Amino acid sequence: MLSRLVLVSGHTLKNSGSFGACLVQASRSFHQSSQSLAPVPPLPEKGGKVRHGIFPEELFTLLYPKTGVTGPYMLGTGLLLYMLSKEIYVINHETFAAASIGAVVIYGVKKFGPSVATFADKINEDKVAKAQEVKDQAMASLAQGIEDEKKEQWRVEGRHMLFDAKRNNVAMLLETNYRERLHMVTNEVKKRLDYQVELQNLHRRMEQEHMVNWVEQSVIKSITPQQVQRI
Amino acid sequence: MADKPVALAQKRLMDVKLGQLPSWFGTRDFTPNGLLGSVRGGYERYYNKYINVKKGGIGGVAMFLAGYIALSYLWEYDHIKHDRWRKYH
């Protein structure tokens, strides 16, 4: 339970040498180890088991095959009595102080332990929820980006039709232009040919008229000296 | 006897047989770097087992404090000897 408090306040302590703990294990790994731990494995749920707060469970499992359940307790009692009798542990004023402090600490832990634990758990869960929210938002925005990209790709397929229509337009314009010019050329050529035809007609008519006139003139000229005498 | 052959240097202390202890000791790295590395390794093992978990208990911190108390008692023992109640035990 105290570890949970340490976890909560740990982000203010430096990581390298101190006893503080940080919720995100990954930051410590990034700075110190050269392994690549991605994705970061989740934290274990519970720590190693500890009995009576200070004795790790491994001691009990070590002694269980040989001495059963009461083995470690007997060992503890024996050690305590030995240390007291040989005065390896000396009873002095500090013992009394330690006993009082120990009593207060144990009372406090037993009484307020669970509530502090739930409080620290709640703070941890809030942090995790915030991180999860950020991750979910990022994933949602990325998925949205994928959707938009797919839509754009679908639109690109439609652009072919647009270009086909534009190409048709241009082809039609070219065609009309070509036909216009063809018409113009035909008209111009026809006008020139008509002119030549008219010119030739004019030539022939003028030649005819001139010849007719000339024949008339010569006939009149030839009549005048002779027929005038006859008449 | 049926263990696959693991090099002696890489075995952990609890897996070493009693007769192999001196040779195992010889393979340990006693340079300052090596000592620092072993201290750091021990710290990381303790930290990852008892502190860096989702639902830690009081055990992690309490064991550390108890060890500190015991060690400081040991260092002060020469001074505490004078508070003994009896001269002969």
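What you are looking at is a predicted structure, and each value in this text was computed from that prediction instead of being measured. Just so it is clear: chains get the letters A, B, ... in the order the sequence lines come, proteins before strands, and each one is counted from 1.
- Contacts of A/Val90 with chain B are made by both backbone and side-chain atoms, with heavy-atom separations under 4.5 Å.
- Contact annotation for B/Tyr73: only side-chain heavy atoms (C-beta onward) come within less than 4.5 Å of a heavy atom of chain A.
- Among A/Lys49, A/Arg51, A/Glu87, the residue making the largest number of heavy-atom pairs under 4.5 Å with chain B is A/Glu87.
- In this structure, A/His52 places its NE2 atom where more than 12 heavy-atom neighbours from other residues, nucleotides or ligands lie under 6.0 Å away.
- Heavy atoms from other residues, nucleotides or ligands lying under 6.0 Å from CZ of A/Phe60 number more than 12.
- A salt bridge between A/Glu147 and A/Lys151 is absent, with no side-chain N of the basic residue lying under 4.0 Å from a carboxylate O of the acidic one.
- In this structure, A/Glu125 CD and B/Lys54 NZ are separated by 9.5 Å, a value rounded to the nearest 0.5 Å.
- Under the 4.0 Å criterion applied to side-chain N and carboxylate O atoms, B/Asp78 and B/Lys81 are assigned as salt-bridge partners.
- Taking chain A as the reference chain and counting heavy-atom pairs below 4.5 Å, the highest number among B/His89, B/Lys49, B/Met63 is found for B/His89.
- Using a 4.0 Å cut-off between charged nitrogen and carboxylate oxygen, A/Lys122 and A/Asp126 count as a salt-bridge pair.
- Within a 6.0 Å radius of OH in A/Tyr64, other residues, nucleotides and ligands contribute 12 heavy atoms or fewer.
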Enumerate donor-acceptor pairs with a distance under 3.5 Å from any side-chain N or O in residues 100-112 of chain A to protein atoms, sequence neighbours excluded.
unit_1: A/Ser100; atom_1: OG; unit_2: A/Phe96; atom_2: O; d: 2.7

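- The stretch residues 31-39 of chain B places none of its residues near chain A, where near means some heavy atom under 4.5 Å from a heavy atom of that chain.
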